[in-house]
Amino acid sequence: MFDRYKFSEVPLPLLASFFLKRLITTIPVLFIVLVGSFLLLEAASGDAVDAYVARSGAMDAEQIAQLRNEWGLDKGPVHRFEAYISALAHGDLGWSTAFERPVTSVIAERLPVTLLLMSIATGSAFFAGSLLGVVAGARPGSWRDRILSTGSLAIYAVPGFWLGLVLIVIFAVDLRWLPIGGIESIASGKTGLARLGDIAVHLVLPVSALAMVYLALYLRLMRDRMAEIWRDPFVKGLEARGLTRRRIVWRHVARNAILPAITMLGWQSAAMLGGSVVVESVFSIPGFGRLAAEAVARRDTPLLLGVLLCSAVTVIIANLLVDLAYGKLDPRVRISR
């Protein structure tokens with residue numbers, strides 16, 4: 001067996017070089033995201049002024065031309081993109097035409113809500129799904145395995161928005177145990193622990209709706225991987241040495257089976273961001289996903305580009321943390337020069 005691998009054993013220059021290389025590789029990724037998003041918005045008909053006129057009512061041609069000039073939409077797409085990149089290089093994400101304030105302040109207001117929702121949902125789905133996967137994979141073919149595998153398939157087939165609506169009807173409308181939506185009670189005046197408790201109660205239903213589908217995915221992944229490992233020769237050797245089944249399950253089989261689930265954890269960070277759009281809309285949560293939907297509806301290009309840029313950075317950071325965790329658990333993984 002390999003000795004446990006610790007990142008503290010890695011020389012600081014080598015670790016710094018690893019982070020620097022990963023940081024450099026993110027630059028073209030972020031640029032491609034910005035260019036692709038900008039081109040897609042340009043390909044769509046209309047702009048932010050058209051969306052504004054549709055919401056506010058009739059405006060004459062002179063007012064429309066003046067508004068388009070104020071928002072810089074009277075210039076060509078190449079000029080607008082160059083101006084956006086130049087401002088971005090100075091830390092300016094632009095001006096939101098939909099909210100009439102800087103994009104940075106809008107994102108700073110909405111992003112923490114979605115990060116809280118995503119972190120709780122992702123953590124709950126990963127730990128609960130992996131634990132249930134260990135229970136199912138400890139004895140493949142047993143009654144527990146069949147029940148959990150069948151249940152996970154049924155849950156995975158259910159759309160997240162439909163599950164959210166069902167949870168609202170049962171627990172908020174019929175039983176009245178939990179609030180219907182929102183992130184906290186409006187004008188409640190609660191502070192400190194009382195406010196944290198109020199937010200926690202409001203998050204129960206959206207977290208459940210967002211986490212259930214991914215819980216089923218981790219369960220299936222963990223169970224199937226454990227079923228494969230049971231057939232490996234080293235497991236037969238452990239059984240021949242007289243190790244108890246419980247020790248083999250937790251110290252050897254589950255430890256090796258968790259690695260693909262950790263890899264999936266990084267990939268699912270992007271899927272969680274996409275899923276939050278639907279869940280936040282169903283539960284009326286003023287978060288990042290709902291902000292993206294509003295930016296698209298209002299054709300707010302700077303805001304949408306800012307949302308996509310922050311989403312890409314979030315996914316990149318999540319994948320970097322997963323890489324570090326993978327190297328921590330698998331001693332065969334090393335940070336190469």
Side-chain angles (χ1 to χ4, degrees), residues 114-181 183 200-230 249-250 253-254 257-285 287-290 315 318 322:
T114 296
L115 289 180
L116 178 63
L117 176 64
M118 280 183 53
S119 59
I120 297 176
T122 304
S124 302
F126 176 74
F127 287 110
S130 299
L131 182 60
L132 292 175
V134 172
V135 174
R139 294 186 180 274
S142 64
W143 63 270
R144 289 181 301 184
D145 179 25
R146 288 194 292 267
I147 292 175
L148 290 173
S149 297
T150 303
S152 65
L153 288 175
I155 294 174
Y156 189 70
V158 176
F161 74 90
W162 188 85
L163 181 60
L165 293 174
V166 171
L167 293 176
I168 289 175
V169 171
I170 296 176
F171 295 101
V173 177
D174 292 342
L175 299 177
R176 298 184 179 180
W177 291 352
L178 298 168
I180 293 178
I183 190 65
V201 171
H202 280 77
L203 285 176
V204 171
L205 291 183
V207 165
S208 300
L210 192 57
M212 287 294 287
V213 176
Y214 300 106
L215 181 150
L217 180 64
Y218 289 119
L219 191 158
R220 292 293 306 177
L221 186 63
M222 191 74 177
R223 183 267 171 202
D224 293 343
R225 180 57 182 155
M226 287 187 67
E228 294 177 3
I229 295 176
W230 278 117
V249 167
W250 291 103
V253 179
I258 197 67
L259 298 177
I262 291 177
T263 302
M264 182 63 68
L265 183 63
W267 295 347
Q268 288 299 321
S269 59
M272 278 284 185
L273 278 172
S276 67
V277 177
V278 178
V279 172
E280 288 174 4
S281 299
V282 171
F283 290 95
S284 301
I285 296 177
F288 206 55
R290 196 175 174 189
V315 172
V322 166

For [X], which residues count as a side-chain contact (heavy atoms from CB on, under 4.5 Å) partner, sequence neighbours excluded?
X: Leu217; answer: Tyr156, Met264, Gln268
X: Ser119; answer: none
X: Asp145; answer: Ala136, Pro140, Ser142, Ser149, Arg223
X: Leu131; answer: Trp250

Legend entry - ring pair (Phe, Tyr, Trp, His ring centres under 6.0 Å) against Phe283, all qualifying residues, sequence neighbours excluded: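 Phe283: no ring pair (Phe, Tyr, Trp, His ring centres under 6.0 Å) contacts found.
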Hey, could you give me the [atom1]/[atom2] distance between [X] and [Y], rounded to the nearest 0.5 Å?
X: Leu205; Y: Leu210; atom1: CG; atom2: CG; answer: 12.5 Å
X: Ile258; Y: Arg225; atom1: CD1; atom2: CZ; answer: 11.5 Å
X: Ile168; Y: Leu178; atom1: CD1; atom2: CG; answer: 10.5 Å
X: Ile170; Y: Leu165; atom1: CD1; atom2: CG; answer: 11.0 Å
X: Leu203; Y: Ile285; atom1: CG; atom2: CD1; answer: 6.5 Å
X: Leu148; Y: Leu153; atom1: CG; atom2: CG; answer: 11.0 Å

Inset, instruction - Indicate the ring-plane relationship of Trp177 and Phe171, choosing parallel, tilted or perpendicular according to the 30° and 60° boundaries. - result: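 Ring orientation, 0 to 90° scale: tilted.
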Legend entry - side chain to side chain contact (heavy atoms under 4.5 Å, CB included) between Ile262 and Phe126, intermediate numbers included: CA-CA 8 Å; Ile262 291 177; Phe126 176 74; 3.9 Å; yes
Inset, instruction - Kindly say whether Val135 contributes a backbone atom to a donor-acceptor pair with the side chain of Arg144 at under 3.5 angstrom? - result: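 No, because the side chain of Arg144 does not come within donor-acceptor range (under 3.5 Å) of the backbone of Val135.
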Legend entry - Donor-acceptor pair, side chain of Trp230 and main chain of Gly137, under 3.5 angstrom: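 Here the side-chain-to-backbone pair exists.
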Could you report the tightest heavy-atom contact between [X] and [Y], atom names first, then the distance?
X: Ala125; Y: Ala211; answer: CB-O, 3.5 Å
X: Gly141; Y: Arg146; answer: O-NH1, 2.5 Å
X: Val134; Y: Met222; answer: CG2-CE, 3.5 Å
X: Leu215; Y: Ala128; answer: CD1-CB, 3.5 Å
X: Ile180; Y: Ala172; answer: CG1-CB, 3.7 Å
X: Leu167; Y: Ser208; answer: CD1-CB, 3.9 Å

Inset, instruction - Taking side-chain hydrogen bond (donor to acceptor under 3.5 Å, both in side chains) as the test, write out the residues that go with Ser152, two or more places apart. - result: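 Applying side-chain hydrogen bond (donor to acceptor under 3.5 Å, both in side chains) to Ser152 gives none.
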Inset, instruction - Go through the steps for Ile155 and Met212 under the test side chain to side chain contact (heavy atoms under 4.5 Å, CB included), then give the verdict. - result: CA-CA 7 Å; Ile155 294 174; Met212 287 294 287; 3.7 Å; yes
Legend entry - Side-chain heavy atoms of Val253 within contact of Met226, under 4.5 Å: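 Val253 vs Met226: side chains touch.
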Legend entry - Inter- and intrachain pairs under salt bridge (Lys or Arg N to Asp or Glu O under 4.0 Å), touching residues 154-179, at least two apart: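 Listed by first then second residue: nothing to list.
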